[in-house]
Trainee: 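Mind having a look at this structure? Questions to follow.
By convention here, the first residue in the shown sequence is residue 1.
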Amino acid sequence: MELRLEALPDLPQCSLLAQIAGNLWRQEGVLALWLGGSLGRGEGDLYSDVDLRLSVTRETLERWKQPDFAALLGRSCLVQVFLSFEETAFLHHLLLDNGDIYDLWIQSAERDPSPEAILVLGCRDLDLEKRLQQVVPPVLTPPIPAEPAEMEQVVREFWLNSHKHRRVLNRNLNLLAMAGVQVDRGYLLRLWYALVTGKDCGPSQTQT
């Protein structure tokens with residue numbers, strides 16, 4: 001069965017993605033390959049990460065914990081972060097030497113796909129294909145245009161919150177300081193999103 005690469009969006013990162021998808025599809029035990037994230041939703045842009053999903057046989061799952069990324073991706077990985085989810089799935093966060101970021105999610109075929117908008121590139125298993133077709137993504141509230149007054153308020157809140165860190169650190173409340181940094185991260189992500197897109201993703205999208 002051939003991959004349906006014609007479904008890939010016309011974006012610069014998808015030229016390399018097509019090659020990587022072909023390499024992954026030829027590996028033993030791979031049953032399905034699909035895209036999630038913004039590319040899976042059809043909302044990708046020049047800044048989109050590649051959220052690539054693989055479903056593999058239980059027998060081959062263990063091998064994917066430490067694959068030969070240089071051979072699979074055809075590029076060097078500058079950063080690799082591994083996260084495990086129970087015994088049936090794990091995630092490789094990868095920064096390639098060309099600047100592309102890949103989130104390579106690998107799961108056992110017995111596990112149901114995550115409820116997200118997906119773009120299926122290939123599937124060799126009829127039961128799994130039915131489950132992929134039945135995935136119902138959550139309804140997302142579309143971002144609204146960024147209002148200058150609202151963005152100015154976000155900047156004010158960022159500076160106010162960051163100035164609180166001096167008091168917290170002076171009192172040796174290091175864990176509380178980390179919580180404050182996480183709040184600052186949300187402010188900065190919201191401002192960055194507004195700068196790049198002209199839209200306001202809102203506080204709820206940046207605090208998670």
Trainee: Would you please indicate yes or no on a ring centroid separation below 6.0 angstrom for Trp105 and Phe85?
Mentor: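 Centroid distance Phe85-Trp105: below 6.0 Å, so yes.
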Trainee: Check whether Thr197 reaches the backbone of Tyr193 with its side chain - one donor and one acceptor, N or O, closer than 3.5 Å.
Mentor: yes
Trainee: So Leu33 and Leu52, do their side chains get closer than 4.5 Å, heavy atoms only?
Mentor: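 In short, these two side chains touch, coming nearer than 4.5 Å.
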Trainee: Any chance you could lay out the side chain to side chain contact (heavy atoms under 4.5 Å, CB included) test for Gln13 and Asp49, step after step, and finish with the verdict?
Mentor: CA-CA 9 Å; Gln13 57 266 55; Asp49 300 342; over 6 Å; no
Trainee: Go through Val120 and Leu35 one step at a time and tell me if the side chain to side chain contact (heavy atoms under 4.5 Å, CB included) criterion holds.
Mentor: CA-CA 6 Å; Val120 179; Leu35 285 171; over 6 Å; no
Trainee: Is there a salt bridge (Lys or Arg N to Asp or Glu O under 4.0 Å) between Arg63 and Glu28? Walk through the geometry before answering.
Mentor: CA-CA 10 Å; Arg63 306 178 198 171; Glu28 179 186 0; 3.0 Å; yes
Trainee: Please report the shortest heavy-atom distance between Ser48 and Ser38, naming the atom on each side.
Mentor: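 Minimum heavy-atom contact is OG-OG, 3.0 Å.
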Trainee: Could you label the plane-to-plane angle of the Phe69 and His92 rings as parallel, tilted or perpendicular, counting under 30° as parallel and over 60° as perpendicular?
Mentor: perpendicular
Trainee: Assess whether side chain to side chain contact (heavy atoms under 4.5 Å, CB included) is satisfied between Ile101 and Leu96, documenting all intermediate values.
Mentor: CA-CA 6 Å; Ile101 296 177; Leu96 307 191; over 6 Å; no
Trainee: Hey, does Arg4 have a side-chain heavy atom less than 4.5 Å from the side chain of Leu119?
Mentor: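 Result no, sub-4.5 Å side-chain heavy-atom pair not found.
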Trainee: Just wondering, do Lys199 and Ile144 contact through their side chains at under 4.5 Å, heavy atoms?
Mentor: no
Trainee: Sequence neighbours excluded, which residues qualify as salt bridge (Lys or Arg N to Asp or Glu O under 4.0 Å) partners of Glu150?
Mentor: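 By the salt bridge (Lys or Arg N to Asp or Glu O under 4.0 Å) rule, Glu150 matches Arg190.
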Trainee: Please tell me if the side chains of Leu54 and Leu31 come closer than 4.5 Å, counting only heavy atoms from C-beta onward.
Mentor: no
Trainee: What I'd like to find out is whether the side chain of Met151 reaches to under 4.5 Å of the side chain of Val155, using heavy atoms alone.
Mentor: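 When only atoms from C-beta onward are counted, Val155 and Met151 do not touch, as no gap falls below 4.5 Å.
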Trainee: Walk me through whether Arg53 and Glu116 qualify under salt bridge (Lys or Arg N to Asp or Glu O under 4.0 Å).
Mentor: CA-CA 11 Å; Arg53 318 302 195 205; Glu116 62 174 338; 3.0 Å; yes
Trainee: With under 30° as parallel and over 60° as perpendicular, where do the rings of Trp192 and Tyr47 fit, or are they tilted in between?
Mentor: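 Answer is perpendicular, since the angle exceeds 60°.
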Trainee: Hey, does Leu160 have a side-chain heavy atom less than 4.5 Å from the side chain of Phe158?
Mentor: no
Trainee: Can you tell me which residue among Leu91, Leu24, Ile20 is in a side chain to side chain contact (heavy atoms under 4.5 Å, CB included) with Leu104?
Mentor: Leu24
Trainee: Any carboxylate oxygen within less than 4.0 angstrom of a Lys/Arg side-chain nitrogen, looking at Arg111 and Glu86?
Mentor: yes
Trainee: Can you name the closest pair of heavy atoms from Leu5 and Ala21 and give their distance?
Mentor: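 Looks like CD2-CB, 4.0 Å.
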Trainee: Quick check: closest heavy atoms across Ala117 and Arg41, and the distance to 0.1 Å?
Mentor: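 Looking at all heavy atoms of both residues, the shortest contact is CB-CG, 3.4 Å.
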